[in-house]
Protein chains: 4
Amino acid sequence: MFRFLPLLSLLAGAHALENGLARTPQMGWNTWNHFGCGISEELILSTARVIVQKGLKDLGYEYVLIDDCWQAPERDPKTKAPVADPKKFPHGIKHVADEIHKMGLKLGIYSDAGSRTCAGFFGSLDYEEIDAKQYAAWKVDYLKYDNCYNEGRSGTPQISQQRYAAMSKALNATGRPILYSMCNWGEDQPWNWANTIANSWRISGDIHDSFKRFDERCPCTQVLDCKFAGYHCAVTRIIDFAAPLGQKGGPGHFNDLDMLEVGNGGMTYDEYVTHFSMWAILKSPLILGNDLTAMSDETFSIITNEAIISVNKDVMGSAANRIWKQEVAGGDLQLWVGWLTNWDTVVALMNTGEETIKTSVAIADVFTDGSDWSRKAAYNLYDLWELEDNDGRRYGKYQGVVRGHIQNVH
Amino acid sequence: MFRFLPLLSLLAGAHALENGLARTPQMGWNTWNHFGCGISEELILSTARVIVQKGLKDLGYEYVLIDDCWQAPERDPKTKAPVADPKKFPHGIKHVADEIHKMGLKLGIYSDAGSRTCAGFFGSLDYEEIDAKQYAAWKVDYLKYDNCYNEGRSGTPQISQQRYAAMSKALNATGRPILYSMCNWGEDQPWNWANTIANSWRISGDIHDSFKRFDERCPCTQVLDCKFAGYHCAVTRIIDFAAPLGQKGGPGHFNDLDMLEVGNGGMTYDEYVTHFSMWAILKSPLILGNDLTAMSDETFSIITNEAIISVNKDVMGSAANRIWKQEVAGGDLQLWVGWLTNWDTVVALMNTGEETIKTSVAIADVFTDGSDWSRKAAYNLYDLWELEDNDGRRYGKYQGVVRGHIQNVH
Amino acid sequence: MFRFLPLLSLLAGAHALENGLARTPQMGWNTWNHFGCGISEELILSTARVIVQKGLKDLGYEYVLIDDCWQAPERDPKTKAPVADPKKFPHGIKHVADEIHKMGLKLGIYSDAGSRTCAGFFGSLDYEEIDAKQYAAWKVDYLKYDNCYNEGRSGTPQISQQRYAAMSKALNATGRPILYSMCNWGEDQPWNWANTIANSWRISGDIHDSFKRFDERCPCTQVLDCKFAGYHCAVTRIIDFAAPLGQKGGPGHFNDLDMLEVGNGGMTYDEYVTHFSMWAILKSPLILGNDLTAMSDETFSIITNEAIISVNKDVMGSAANRIWKQEVAGGDLQLWVGWLTNWDTVVALMNTGEETIKTSVAIADVFTDGSDWSRKAAYNLYDLWELEDNDGRRYGKYQGVVRGHIQNVH
Amino acid sequence: MFRFLPLLSLLAGAHALENGLARTPQMGWNTWNHFGCGISEELILSTARVIVQKGLKDLGYEYVLIDDCWQAPERDPKTKAPVADPKKFPHGIKHVADEIHKMGLKLGIYSDAGSRTCAGFFGSLDYEEIDAKQYAAWKVDYLKYDNCYNEGRSGTPQISQQRYAAMSKALNATGRPILYSMCNWGEDQPWNWANTIANSWRISGDIHDSFKRFDERCPCTQVLDCKFAGYHCAVTRIIDFAAPLGQKGGPGHFNDLDMLEVGNGGMTYDEYVTHFSMWAILKSPLILGNDLTAMSDETFSIITNEAIISVNKDVMGSAANRIWKQEVAGGDLQLWVGWLTNWDTVVALMNTGEETIKTSVAIADVFTDGSDWSRKAAYNLYDLWELEDNDGRRYGKYQGVVRGHIQNVH
């Protein structure tokens, strides 16, 4: 107990990019996962209206994010300032921002720390100041900053840091609070240096709408020195990557497990529940990636689970840690434990195997860092997907059932 | 289906070195694999004549490439310009280029981003501008640029990029379109940074005329952080290396799996068919490496398969991905799938084992990225080596026979 | 025998940071492991008094170390000099140093080679000279220098060395002998370059009060190119890390296995004995981390074992090497051998398994580097935890019993 | 056959440091392995006399090498020039060189690319020009240049190359041909960049007089990205390291497997025969490391095997390659093949296991790179340790017996 306190102090005191944003992981919606380059003012604004109408805004989904392909073919030939595609955005980005702000939401935009964006539009490398000023002039509130065509400026933390710090400095210099979402795919260990320059940083290649299909397009099996981020990364692969990194996040600076795929059709209900729950307890930004204008009730029920969202929004900002991982038929069973404020604890059992498992968890495993007192105390146990106190106080160990491809989050 | 489109956009929009060359992977012939340093004007021109006469030019084999050993012992003592060996090239390189151009072909030359070429002749490191100008003056159309004696200028993407970008800049400055073929053997992950400076980049040490003989002279078993490229790399080893990298190629910028060994005698017919097919669907340059003046009918039949070549020349420039790899007796069975224009798909089953295998492939595996629709549709299936519609529409899965050391490409 | 001598010369002659300190590994007490940020002048001085009163000072525990959280929220706004928290240290650091010196002890302080300390206070990066001068003015005798928020200045030995050498130079420039304890968690192989700039260097992430509980918060399983030090590292993990590194330590420059957890409650008596013994024979600094004002007799008996401490204080400063490691039920059995002065040898058998093992050790394994003579000689064998000559001379092999989670040190 | 020729050209034409030295691997004797710091003028000269008297000079052992510990405690306080220890070398180094030259031998000396030598004497880092001039003034013919205390100037090939190139340039500037023997223990892949600046480069940590005892003091099990060279490396470990590297050596620039241990007592006769043979066919420098003044007949017979030495001195300078490695009881059986001039081939079968093995080798394995012709030809087979034609022409495969811990070299 006693030794637990300093650690809390440590986490609470951690300093991040000093723009005051992302005290808990950012929430919102982004165009890419579902619409890719097929974007427009109409799509952005109609989705924003749904966010308000369906109550998503009230749950915290406040950022409406335009991803790649919003740009005109070239920068302004004289000023070199970025220009939006006049067909997709006939009234310009500022107009979209104004409309978004009227709804009480915030607008995000996308660029790339390279000579080109991933889709081939102009990048911001060596244009950081011009671009940051333009974003601020447009009243943009958020920048996702990608890593394609980086001209080889990588290979050590120092080289990558300098490239991403240039935009951080430029954004701060505008005077407008702009949430800075780094997307360098985990290259050169950003968890070690992005905390003072960004509000969040991606830890992997792009997510794929699959629970556990292995693919060499996302070739690394370990995160710590991955030399090729790739894309097409399954949900369980990204969770494996996140396991050691939780200690590096905190208020104002979070690991980003990539945007959500809930509702895009590649996973089962149980798998989407697991995907959403794990993102939440790992304190990843919760950025929806589906078509909100044509969403099933099932999808809606997942992304609006207030109990899960409240764990993500816990003010400590402390990510759950994986306590153990055991092989089971066709996968593994994992125990995750996270600290919340007021001595609450979130516990997740994740089963990536093919079969339903009946298991129990030692209370000592849940409180590995606590005192004797914590290991012997009694607790109320709530199932965050059942929203009821399933039989209350337990002693010594938890017994329960974990279905295949699902987790129970308590 | 819907989500497939943005990805297509992404690939189509990718930007590369802006010299307009290599919109599909370059095709041609190179002296090294068969003749090494035993080259001459006579060899080059007589081979070029065969390329025209036998119809190889019409199939796309347009580049005639002089590899190492064309140089005089030293540069011009006054101008420091490169000089050709007067015995091997009595009329100089320009004369050869003129003759090649008269035949409607293009000429390539070789140098090295180091103090010496691999064979010990003068290298171009720190002579980039002088050399590029001379190549352009000689009317050269293509440069293969090697990596020997690089004086330790490697170790991070940034260091290697700067060394290779110097020649890219010098070539562009000449005003002559010169295809730039980087050969740094995959050091420092060129797939991440060569796309904006070169038309292709090698991914491994030199190929060896062997299908799967392991050799410590090519010691790495993984490509992502290989610290010693070596040479003597077997075909299946290079294919393993290529597996995650396909996503990095596209029109104007391709992964180079090294020059072909078809016809040089170290593999069986089936193995050469596999070698040629895989190079084609992985969108590698197809650079012949045999003696074209003394070629067997069998060799000719392989390198002139129009169906296979047309896959290589597909305008999307999208390399096939490996979907799965299963152990079989003495090797493995691999499924590769590539996207082509007009929703065509190329499928390859490669068997590196010793025995013929009867197997079936789930259609769902072929269309892992597609919609429900694509997975349920009916398809015409063509065998690109049989050139007939082998029994047409199939549903749900493909059944067939894969002989040892062979692949079926559909 | 003959060949043994040069090696001794080598070790004895090794040069380190030339401040004359740490001729044997430093000993003392540090606030962090038990008190974290909960520190104050009162805590420091009352603990110092206990160190004197209980005889710990006489055993060599001379450094009283204030870890993180001693700082005021900000530096002096004018001079930029570091300022102590006026609530925790109402009379300032110099007063504490004076009181400590009166007791015949020495005072240490903490800072960080980054923009912030791990707990979020001001760091010393780019303030090295100002801070070193202030520490010297305060009469500080020791600096622990951490690695949080290092702004990406890492990734090669050169980059990390420059960051840590800046403080080394600044400390030397003060003219006051200040023991320099580097804490960069083993990043970029400090054992290769810290010897000329520091008196000790950490080799891992922070210790956890556990003997062998694996935790992904300390994710590396090898030390040589660990890309993520983490924290929560169990004792046996740190010992594994230390195995190859002993050759890099010597008088004036030692590997630091992190502060001791003896007495903090997470291990059994046998485990703490092993922890303390291994730290001693591996020539780690012995920095107590428990609450000395409320210590059990058992804890006291461990940390005051003079025989073990004398091995740590042997003037050769030569760490024990692991000769072999064998799997046993639930762990492994390890043989460690260290050279002492006067041809004495320390031998440790460590059993991390669950069961008591009866085993024997070949004398030839103990003297792998010695001559025929050494392998055939007779020896007196002392158990450093029994402090008696347990049956004296032995020939050819040692037979004994090693309980689970314990070691015998001879 | 045809394709074999260009490769020969490649190797023959390779360019190295242009001082004209080490056209074949250097041979000689060095003080370290047997005498360590216990050296003196008397030891050097008396050993040199033995080299002449016993005919070792006539066999090619021409360099007499003083290793570490020849230095005075400090440089000349005014000129900063290096100074020899006046007790060990009362007449100075120049006198020793003169005496050595009178015997028709050459003298080598030692320094370190760091602030200190490994034994703690002054190093040459940032003193390259002063030191090279002094060595030349002393008429020194050879420099071994070590890697201790390198102040973190490592981590990429570029950083290490610059440190070692500084001395190369300084030596060349003296105008005296001084063989430059780099000893950076294989850090940062010197085989890729040392060829143009040095005559040889070490590939591992220091050798230990043991055939195959594993030791964590030499912790790496692979050579390509070893982050900790260590010392105490067994002979078979170093041979494993050398396996992929042979392609990087050639006339004027060789891989150095470290000095020989033959005659120092830690291995059996068969093991020393293997050690000496493998060093020879891998084209390592052959630097004796035993006490030549007290050498057994057995030791003498090994180091004077003219047939083995002649393979090492073959003018092609081409190291043998490992063709295969098969597990056997307690070790492995390895086939090595090397190309010599005049189409001769050296074949070695190395057995690191515990038992004698009766085996056969396919001729096709010996000539994996040759033509059909070479695989079908008849050969004379000589056993280089029996020096007789053991039954002459063989077809198709070789059958023979390989004892444990021994190799047969043909």
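We name chains A, B, ... by the order of the sequence lines, and we start the count at 1 in each one.
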One thing to verify: whether B:D188 and A:K227 come together as a salt bridge, which I'm taking to mean a side-chain N less than 4.0 angstrom from a carboxylate O. no

Between B:Q161 (side chain) and A:R153 (backbone), is there a donor-acceptor pair under 3.5 Å? no

Carefully, step by step, assess B:W193 and A:Y149 under the rule side chain to side chain contact (heavy atoms under 4.5 Å, CB included). CA-CA 6 Å; B:W193 47 264; A:Y149 301 101; over 6 Å; no

Which distance, rounded to the nearest 0.5 Å, do you find between the CD of B:Q247 and the OH of A:Y231? 5.5 Å

Roughly how far apart are A:C148 SG and B:N195 CG, rounded to 0.5 Å? 8.5 Å

Where on B:K325 is there a heavy atom nearer than 4.5 Å to chain A: the side chain, the backbone, both, or neither? neither

Tell me, for B:I159 versus chain A, whether the close heavy atoms (under 4.5 Å) come from the side chain, the backbone, both or neither. neither

What residue in B:V223, B:T156, B:D225, B:N192 has the most heavy-atom pairs under 4.5 Å with chain A? B:D225

How many angstroms lie between atom CZ of A:F214 and atom CH2 of B:W324, to the nearest 0.5 angstrom? 14.0 Å

Atom group of A:S154 that falls short of 4.5 Å from chain B, counting heavy atoms: both

Would you say B:N321 and A:H232 make side-chain contact, with heavy atoms under 4.5 Å? no

Under 4.5 Å between any side-chain heavy atoms of A:E216 and B:D240, yes or no? no

Under a 3.5 Å cutoff, is there a donor and acceptor pairing between the side chains of B:T196 and A:E151? yes

Nearest heavy-atom contact between B:P157 and A:G155 is CD-CA, 3.6 Å

